[in-house]
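Have a look at the structure below, then the notes.
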Amino acid sequence: MEAAGVEAEVVVIGGGVMGTSIAFHLAEAGVRGVVLVERDELGSGSTCKAAGGVRAQFSDEVNIRLGARSLEAFGRFGERPGQEIDLRRVGYLFLLSRPEDVASFEAGVALQNELGVPSRMVSAAEARRLSPLIDTGGLLGAAFSPDDGHCTPESVVLGYATGARRHGATIRTHCEVLGIETGGGEVTAVETSRGRIATSAVVCAAGPWSAAVGRMAGVDLPVEPLRRQIVFTEPIPGLPRPVPMTIDFTTTFYFHGEGEGLMLGMSDPDEEPGFALDRSDAWLPRLTAAIASRAPSLLDVGLTGGWAGLYEVTPDHNALIGEDAAVSRFLYATGFSGHGFLQGPAVGEVVRDLYLGREPFVDVGPLHAARFTGDGLRPELNRV
């Protein structure tokens, strides 16, 4: 069915966790005429390739609040919007082997505790007790929060999409945005592969593709795609459980339980920005070295496959959330630099409130894209 002649109060661009959360929160709040457009299937972009980690352990107050609010929502997801997401609160364990990292995490834990997050610093010995697969050689300590964990990204998208439809939103898949019409500093329509949608408001939640969407409206969204890869192990007999999300902060090597085995991942400093989604073996020697150093018993475990997905990275590794100053009612929530899935519930609330002219639960002014034209960078330290 073509979308010719369609009108919408607001068009949400992007059908991942961010777009579906925003559509759900808008429709639930009584906004009529919410239309979400996704060029492929729901969750087919970065969301379905996310590692699924959820946490509130950040170094920045805004990120801590967004993470903590989202953890609350994930905990109640079975009731609202109503979907089983296999939430495992196994905790996040950051392993620290540099004095400067210990100092920054101590400061971060103090701030998290002030904001109600039950994180704590732990010794290397306790880290080993929490995550028995690790070798503590060179470890100076660790940071742990028991409320953190992981859940299933596809289920979160399904829950929000189903909830959005239940509240009257329209979701159009296989509907690619071709252009955004503006006039006099206002949005007037979105041109799609299935026809024109007249609207006075747009929310860009297009993840790694957000820069191109922004350009259609003359809005600068400095977001670059960056490939990240993960692999899965074969079943590990006698695997001690639960397995916390364990992150060797120096190397960024991480693992958590997945089925009868583990999911493993790590950043690749040699990766160049781009939309490549093929799997490459170039990062594996670095991953193997990190495993040998921090969890050597895993060297004997076979791998059963994996995938490549895209981070959506900004210059300071913090999100872009706000409304453009020059194009009225062009809102955006993007550039989460690996934290989008875990902040999706809270950001849906925030964008709903920005759209309705209400005060969000947290001031996201510091995350406005205009910060890149001045000296407002606010680097997030707790990133992998």
Side-chain angles (χ1 to χ4, degrees), residues 6-38 42 62 65-66 69-70 73 80-81 156-157 159-161 163-172 175 177 180-190 192 197-207 210 213-214 216-221 223 319-336 340 343-371:
V6 168
E7 291 189 8
E9 287 290 314
V10 55
V11 175
V12 180
I13 301 172
V17 66
M18 206 56 65
T20 54
S21 172
I22 291 165
F24 167 75
H25 282 92
L26 287 170
E28 183 193 47
V31 178
R32 293 285 161 254
V34 176
V35 176
L36 181 149
V37 294
E38 161 58 47
L42 293 179
V62 178
R65 289 187 184 278
L66 291 172
R69 185 80 158 209
S70 293
R80 174 182 175 268
V156 172
V157 169
Y160 276 141
R165 288 190 181 105
R166 190 168 61 243
H167 287 291
T170 299
I171 295 179
R172 296 184 175 275
C175 184
V177 173
I180 297 173
E181 297 175 20
T182 62
E186 296 182 344
V187 173
T188 56
V190 175
T192 80
I197 305 173
T199 187
S200 58
V202 162
V203 181
C204 175
S210 293
V213 171
M216 294 176 185
V219 175
D220 183 24
L221 297 175
V223 177
L320 306 176
I321 305 174
E323 179 174 352
D324 191 66
V327 182
S328 175
R329 302 278 79 184
F330 183 97
L331 293 94
Y332 50 83
T334 183
F336 288 88
Q343 294 183 346
V347 174
E349 283 188 54
V350 168
V351 173
R352 172 201 65 200
D353 292 343
L354 293 177
Y355 175 82
L356 293 172
R358 305 196 306 215
E359 191 79 22
F361 76 92
V362 60
D363 177 13
V364 293
L367 298 180
H368 198 281
R371 71 182 184 270

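Taken to the nearest 0.5 Å, the CG atom of L26 stands 9.5 Å off from the CG atom of D353. Of the inter-residue distances, the one linking L66 atom CG with E349 atom CD reads 9.5 Å to the nearest 0.5 angstrom. Rounding to the nearest 0.5 Å places CD1 of I180 at 6.5 Å from CE of M216. Atom CG of residue D220 and atom CG of residue D324 lie 9.0 Å apart, to the nearest 0.5 angstrom. Expressed to the nearest 0.5 Å, how far CD of E181 lies from CD of E186 amounts to 13.5 Å. Considering CZ of R80 and CD of E28, their distance stands at 4.0 Å, rounded to 0.5 Å.
The shortest heavy-atom contact between A164 and A27 is O-CB, 3.9 Å. Closest approach of G183 and T188 over heavy atoms only: N-CG2, 4.2 Å. Of all the heavy atoms in V17 and V157, the pair that sits closest is N-CG2, 3.6 Å. In plain terms, the two heavy atoms of L356 and A29 that are nearest each other are CD1-CB, 4.0 Å. The two atoms that bring C204 and F330 nearest to each other are CB-CZ, 3.9 Å, heavy atoms only.
Side-chain contact between V213 and L221: absent, with no pair of heavy atoms (C-beta onward) separated by less than 4.5 Å. Between V37 and I197, some side-chain heavy-atom pair lies under the 4.5 Å cut-off. Side-chain atoms of V10 and I22, non-hydrogen and from C-beta on, never get closer than 4.5 Å to each other. Between V364 and L354, some side-chain heavy-atom pair lies under the 4.5 Å cut-off. Under the 4.5 Å side-chain criterion, counting only non-hydrogen atoms from C-beta, V34 is not in contact with L36. V350 is not listed as a side-chain neighbour of R69, based on a closest heavy-atom distance of 4.5 Å or more.
A side-chain donor-acceptor contact under 3.5 Å links S21 to the backbone of G344. Looking at H368, its side chain does come within 3.5 Å of a backbone N or O of E323 through a donor-acceptor pair. Side-chain atoms of T334 do not come within 3.5 Å of backbone N or O of L320 as any donor-acceptor pair. Checking side-chain atoms of T20 against main-chain N and O of A161 turns up no donor-acceptor pair under 3.5 Å. Between the side chain of T192 and the main chain of C175, no donor-acceptor pair closer than 3.5 Å is present. Although no hydrogens or angles enter the test, the distance criterion places a donor-acceptor pair under 3.5 Å between the side chain of R166 and the main chain of P81. Between the T199 side chain and the E9 main chain, a donor and an acceptor come within less than 3.5 Å of each other.
Pairs engaging residues 343-367 under the ring-ring contact (aromatic ring centres under 6.0 Å, His included) rule: none recorded [sequence neighbours left out].
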- Task: Could you give me the CA-CA distance, side-chain angles and deciding distance for M18 and V347, then say whether side chain to side chain contact (heavy atoms under 4.5 Å, CB included) is met?
- Result: CA-CA 7 Å; M18 206 56 65; V347 174; 3.4 Å; yes

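Between F24 and Y160, the angle of the ring planes lies from 30° to 60°, which puts this pair in the tilted group.
Annotation: ring-ring contact (aromatic ring centres under 6.0 Å, His included) contacts of F336 (sequence neighbours excluded): none.
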